[in-house]
Amino acid sequence: MQIETVLQRALSHASEHLAGLDNRSVAPTSSLENLRHRLGVDLADDGVDPVQVIDELVEACRGGHVGSAGGRFFAWVIGGTLPSALAADWLTATWDQNAALHACGPAAAVVEEVAGRWLKDLLHLPDPASFAFTTGCQMAHVTCLAAARHAVLQRAGWDVESDGLCGAPRIKVITSEQQHGSMIRAVRLLGIGMRDLVALPTAADGKLPPDALAGALQAHGGPKIVVLQAGDLNIGAFDDFSTLVPIAKESGAWVHIDGAFGLWVAADRRRRHLLDGSQDADSWATDAHKWLNVPYDNGIAFVRDGDVHFATMSHRAAYIAKAKGARDQIDWNPEWSRRGRGFPVYAALRELGRRGVEDLVDRCCNHARDLALGIAAIPGVQLLALSEVNQALVRFLDSSQSASEADHDRNTDAVIAAINLGGEAFFSGTTWQGKRAMRISVCNWRTSADDVRRTIAAIEKVVRSADPWCPTI
Ligand SMILES: *Cc1c(COP(=O)(O)O)cnc(C)c1O
């Protein structure tokens, strides 16, 4: 059967891809022009055999994939894919359920019910909280902040679902300058402009100072939303929730938490304290496609008050078949037709169990620390920040005696580029407190002590070869 043949081909290509992760360059090796040339064939009048389509697709993409599925990719915050999650994702595509309604895919609906319940338990979120599986944390923010907008305007006597935003009391969104851009985009999509976003400066530890929050809340009398951070992407900073959440609640604000990766430390008994007090927030956004290591796209929104969440998102139309007692995903998600996102999450959680998630988080944090300390031990490397979680920052100093900060910045970017070009490991840069730095972010289940060792050795080689005073090793 043709479909079986093509799926077998896909399996063999997939196996080859995974088997090669340890030996291929982590950085892509094909240029933009090359990929455009190879992929940009004319769309023919006649179709092509499916097996040939897949073979040629794989061939045309060769060298065009970033090795983020492997253990030596430390850029941004990108997780890998656990074996069962990958397999469940293949089956999700195979079953091809429209996970909008229970009626379109009963198993897809129930698997989300169960996965959502497990996640609340694992992440220590209130049991009655409602949830939605979204494309990513960005849309989880949209979902949570739409509920927030509904609630704070309702308290001000305004029904946003019926009357819209024109003429509504202005909502202030108060947050820290370390906020992730996805939250800002979510705010914009919800009709709140940048003029109403207050991004407060943080202390050197990346945390929002309580006085600054209290002052900003006091300065604004109208409806307010406070967005706090559980793990910022530069230094993995966690806001002091035990202090900040009560301050925000006191002033009638809705409190939302961006825990795209940081919420997962709730599963780790050694680091859970970082989230103390966060359980008292009104909504939380996280990603399964980062630290839980399921394939894209998979974010999760949680809302304490399910009635508010439902009032914001629920949808009824004459042709929608509602099953009694079932959970229809469309009542909680921003999307209509959508992928059955519960399957890979369900699989990953069963594969790992509570202990497995805890071990995954702990391992990644330890590898991040070992990487940071190992890299910082190389002459000319400055450790800028070492978090309690899976993020760290280092800077590569220019060795000339008269080097300025700008020279160190340039050198840092040059070293990052050289490391990535070498293909052994991959990192991204950032600017932190005015300085260029290399981010170390570990959230792939595959990363091993050997990956850490190989990475440090590769960086040492780059740093030494760039320094005329050090012999190349
Ligand atoms: C990745 C990230 C996001 C955005 O998540 P997406 O899944 O890419 O939409 C938001 N906040 C933080 C802190 C992140 O690291």
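Residue numbers start at 1 and run along the sequence shown. When a ligand or atom number is given, it counts from 1 through the structure's own listing order. On a predicted model such as this, the values are computed, not experimentally measured, just so you know.
Closest to atom 11 (N) of ligand 1 among all protein heavy atoms lies Asp258 OD2, 2.8 Å. Looking only at heavy atoms of the protein, atom 10 (C) of ligand 1 is closest to Ser182 OG, 3.0 Å.
Contacts of His289 with ligand 1, taken as heavy-atom pairs under 4.0 Å, involve the side chain alone.
Considering only non-hydrogen atoms, atom 12 (C) of ligand 1 lies nearest to Ala260 out of Ala260, Ser441, Ala285.
Atoms of ligand 1 found under 4.0 Å from any heavy atom of Phe261, numbered from 1 in the order shown, are 15 (O). When each atom of ligand 1 is checked for a heavy atom of Gln138 under 4.0 Å away, the hits are 5 (O), 6 (P), 9 (O). Atoms of ligand 1 found under 4.0 Å from any heavy atom of Gly136, numbered from 1 in the order shown, are 7 (O), 9 (O). The Gln229 neighbourhood of ligand 1 comprises atoms 13 (C), with distances under 4.0 Å to a heavy atom of that residue.
Side-chain polar atoms of Gln179 and Thr175 form a donor-acceptor pair below 3.5 angstrom. Judged purely by distance below 3.5 Å, without hydrogens or angles, the side chains of Asn98 and Ser337 pair a donor atom with an acceptor atom. Side-chain contact annotation: Ser448 with Asp451, donor-acceptor N/O pair under 3.5 Å present. For the residue pair Glu351 / Ser84, a side-chain donor-acceptor distance below 3.5 Å is found, with atom types taken as modelled. In the model, His124 has no side-chain atom that pairs as donor or acceptor with a side-chain atom of Gln279 under 3.5 Å. A donor and an acceptor atom, one from each side chain of Thr431 and Arg436, are located under 3.5 Å apart. Remark: the His256 side chain and the Ser283 side chain contain an N/O donor-acceptor pair separated by less than 3.5 Å.
The aromatic ring centres of Trp332 and Phe131 sit 6.0 Å or more apart.
Relative ring orientation between Trp76 and Phe73 is described as tilted, the plane-to-plane angle lying within the 30° to 60° band.
Under a 4.0 Å heavy-atom criterion, Met183 is not in contact with ligand 1.
Any N or O atom pair closer than 3.5 Å counts here, and Gly231 shares no such pair with ligand 1. The shortest N or O to N or O distance between Asp287 and ligand 1 is under 3.5 Å. Polar contact with ligand 1: present for Lys290 (N/O pair, distance under 3.5 Å). Ligand 1 has no N or O atom lying under 3.5 Å from any N or O atom of Asp232, backbone or side chain.
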